[in-house]
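Computed from a predicted structure; not experimentally measured. We use all heavy atoms of the structure for the numbers below, so side chains are in, but hydrogens, waters and symmetry mates are not. Protein chains get the first letters and strands the later ones, always in sequence-line order, with residue 1 at the start of each.
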There are 2 protein chains.
Amino acid sequence: MISNRCHYALRAMLELALCEGRGPMTISQIASARNIPVRFLEAIMRQLKQAGLADSVRGKEGGYFLARPATQVHVGDVLALFDGPLFSDAEQLGPHIIRDGDPDVFAGVWREAEHALQGVFARHTFAALADREHQRRLASAENYTI
Amino acid sequence: MISNRCHYALRAMLELALCEGRGPMTISQIASARNIPVRFLEAIMRQLKQAGLADSVRGKEGGYFLARPATQVHVGDVLALFDGPLFSDAEQLGPHIIRDGDPDVFAGVWREAEHALQGVFARHTFAALADREHQRRLASAENYTI
DNA sequence: GACAATCCCTACAAAATCGATAGGTTTAGT
DNA sequence: ACTAAACCTATCGATTTTGTAGGGATTGTC
């Protein structure tokens with residue numbers, strides 16, 4: 001299943017997408033906006049940076065921001081980084097299950113599954129998600145004031 | 001990702017499908033055919049039985065067999081039993097990530113992903129897999145004798 | 001009825017994974 | 001210099017997963 005790490009990363013990226021174009025965002029800001037343990041998020045953001053999904057400036061007034069426009073970052077990019085590939089052949093995990101490099105009958109199934117997932121995850125950009133989140137917040141704010 | 005347990009279960013079910021109609025198969029047979037730890041497989045087979053995928057007779061000459069014809073057992077049935085659902089909402093794992101039962105923006109993504117997977121896994125029956133495995137074995141045997 | 005082969009159940013040990021924390025270093029703006 | 005921020009490495013604790021052990025219960029065969 002999807003690791004907690006990955007859930008955090010997805011929400012951090014969403015937060016960056018929401019604040020796109022308004023300068024870098026600090027780890028503390030992201031963490032408090034999403035209730036994520038700060039020191040844990042620190043490691044996650046580094047990983048996002050190393051993978052080329054986020055970028056950062058150091059020192060005072062520093063922080064993180066999206067490395068590419070939100071319209072060009074997909075949910076699949078984050079998932080592949082943390083939890084992918086989901087469906088690998090068994091021989092990587094338990095080398096004794098498959099004999100002698102015989103082709104595995106299930107390999108085809110895993111390939112299909114992986115492919116189907118990639119299709120889904122490539123359809124969702126963080127720009128679209130941020131948009132939806134924005135709508136959601138407007139609606140709930142309206143609900144509150146009325 | 002797919003747990004080792006589940007890989008074992010899939011291969012055990014495949015073995016049962018290969019021997020369909022030839023009486024029950026013992027745990028030892030399945031285990032040695034696939035290099036699975038016997039006592040571990042024991043627990044797995046029980047789980048498969050309790051889920052209604054396999055059935056068994058006890059005592060001497062006993063063993064396991066498919067509860068339904070192999071044409072009506074899908075890979076998805078086994079996966080759902082051991083590792084499913086793969087994509088659940090975040091709130092079940094980390095209740096603090098999402099505030100106040102607010103609808104999660106990612107929930108839709110997970111639903112789509114789960115649905116896509118179900119589609120793939122429902123297309124593969126153990127009958128078809130056993131068939132492919134049979135072909136494979138014939139081919140490799142031919143390769144060996146020539 | 002004894003025996004042996006087989007499934008069945010519970011508990012437990014060993015190992016891996018994951019979430020989270022701690023302490024300290026480097027960078028850059030003021 | 002001071003401070004706020006990103007950066008790095010190590011480690012700890014809890015949970016999950018893998019696998020093992022010992023003992024039962026069931027059924028065919030002699």
Side-chain angles (χ1 to χ4, degrees), chain A residues 1-12 16 19 23-32 34-51 53-67 81-83 86 88 90 92-97, chain B residues 1-12 16 19 23-32 34-51 53-67 81-84 86 88 90-97:
Chain A
M1 77 280 286
I2 301 299
S3 66
N4 230 328
R5 250 183 125 78
C6 194
H7 280 294
Y8 287 149
L10 287 168
R11 276 152 185 83
L16 292 186
C19 296
M25 210 177 170
T26 73
I27 290 180
S28 305
Q29 282 176 324
I30 304 173
S32 70
R34 291 284 169 174
N35 259 5
I36 304 174
V38 185
R39 302 302 291 271
F40 194 28
L41 182 59
E42 209 178 287
I44 293 169
M45 296 311 294
R46 233 181 305 140
Q47 210 171 338
L48 285 170
K49 173 174 180 170
Q50 284 169 2
L53 294 176
D55 205 350
S56 67
V57 291
R58 302 178 68 163
K60 215 172 176 183
E61 303 293 290
Y64 279 90
F65 48 92
L66 293 181
L81 174 59
F82 289 92
D83 291 326
L86 273 313
S88 52
Q92 298 180 5
L93 304 177
H96 56 288
I97 303 178
Chain B
M1 77 287 277
I2 301 300
S3 67
N4 229 327
R5 247 182 128 79
C6 193
H7 279 295
Y8 288 149
L10 287 168
R11 276 152 185 83
L16 291 186
C19 295
M25 208 177 173
T26 74
I27 291 180
S28 305
Q29 283 176 323
I30 303 172
S32 70
R34 293 284 170 172
N35 258 4
I36 304 174
V38 184
R39 302 303 292 272
F40 196 26
L41 181 60
E42 211 177 285
I44 293 168
M45 295 312 292
R46 232 180 308 140
Q47 210 171 340
L48 285 171
K49 174 175 179 169
Q50 285 169 1
L53 294 175
D55 205 349
S56 68
V57 292
R58 302 176 70 163
K60 212 171 177 183
E61 306 290 291
Y64 279 91
F65 49 93
L66 293 181
L81 174 60
F82 289 92
D83 291 327
L86 273 314
S88 52
E91 56 184 323
Q92 297 180 4
L93 304 177
H96 56 290
I97 302 179

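Of the listed nucleotides (D/dG19, C/dT21, D/dC7), C/dT21 has the atom at the smallest distance from the side chain of A/P37. In the set C/dG29, D/dG28, C/dG19, the nucleotide with an atom closest to the side chain of B/E61 is D/dG28.
For the pair B/F40 CZ and C/dA11 P, the computed distance is 18 Å after rounding to whole Å. With rounding to whole Å, A/Q47 atom CD is found 11 Å from C/dG19 atom P. What separates CE of B/M45 from P of D/dG19 is a distance of 16 Å, to the nearest Å. For the pair A/D55 CG and D/dA5 P, the computed distance is 18 Å after rounding to whole Å. In this structure, CG of A/L16 is placed 11 Å from P of D/dA6, rounded to the nearest angstrom. Atom CE of A/M25 and atom P of D/dA5 are 13 Å apart (whole Å). For the pair B/R39 CZ and C/dC9 C1', the interatomic distance rounds to 10 Å; values are reported in whole Å. We find that CZ of A/R46 is positioned 8 Å from P of D/dC7, with the value rounded to whole Å.
Residue-to-nucleotide proximity on DNA chain D shows that, of B/G59 and A/T26, the 5′-proximal contact is made by A/T26. Of the two residues contacting DNA chain D, namely B/R5 and A/Q50, the nearest-nucleotide position lying further toward the 5' end is that of A/Q50. With the nearest nucleotide of DNA chain C identified for both A/V57 and A/A43, A/A43 has the one nearer the 5' end.
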side-chain contact (heavy atoms from CB on, under 4.5 Å) assessment of A/N4 paired with A/F82 | CA-CA 10 Å; A/N4 230 328; A/F82 289 92; over 6 Å; no
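Evaluation of atom-type donor-acceptor distances gives a pair under 3.5 Å for the side chain of A/R58 against the base of C/dT26. B/E42 contributes a side-chain N or O that forms a donor-acceptor pair with the base of C/dC9 under 3.5 Å.
For C/dT6, the OP1/OP2 oxygens have no side-chain nitrogen or oxygen of B/S56 closer than 4.0 Å. Phosphate proximity of D/dT17 to B/Y8: absent, as no side-chain N or O sits under 4.0 Å from OP1 or OP2. Distances shorter than 4.0 Å separate none of the side-chain N or O atoms of B/S28 from OP1 or OP2 on C/dT6. A/K60 has no side-chain polar atom (N or O) that falls below the 4.0 Å cut-off from OP1 or OP2 of D/dC2.
Separation of atoms CG (A/N35) and CZ (A/R11) is listed at 11.5 Å; rounding is to 0.5 Å. For the atom pair CZ of A/R34 and CG of A/L10, the computed distance is 10.5 Å after rounding to the nearest 0.5 Å. Annotation: the span from A/L41 atom CG to A/I27 atom CD1 amounts to 6.0 Å, rounded to 0.5 Å.
Summarising the geometry of A/F65 relative to A/L16, their closest heavy-atom pair is C-CD1, 3.9 Å, with the distance given to 0.1 Å.
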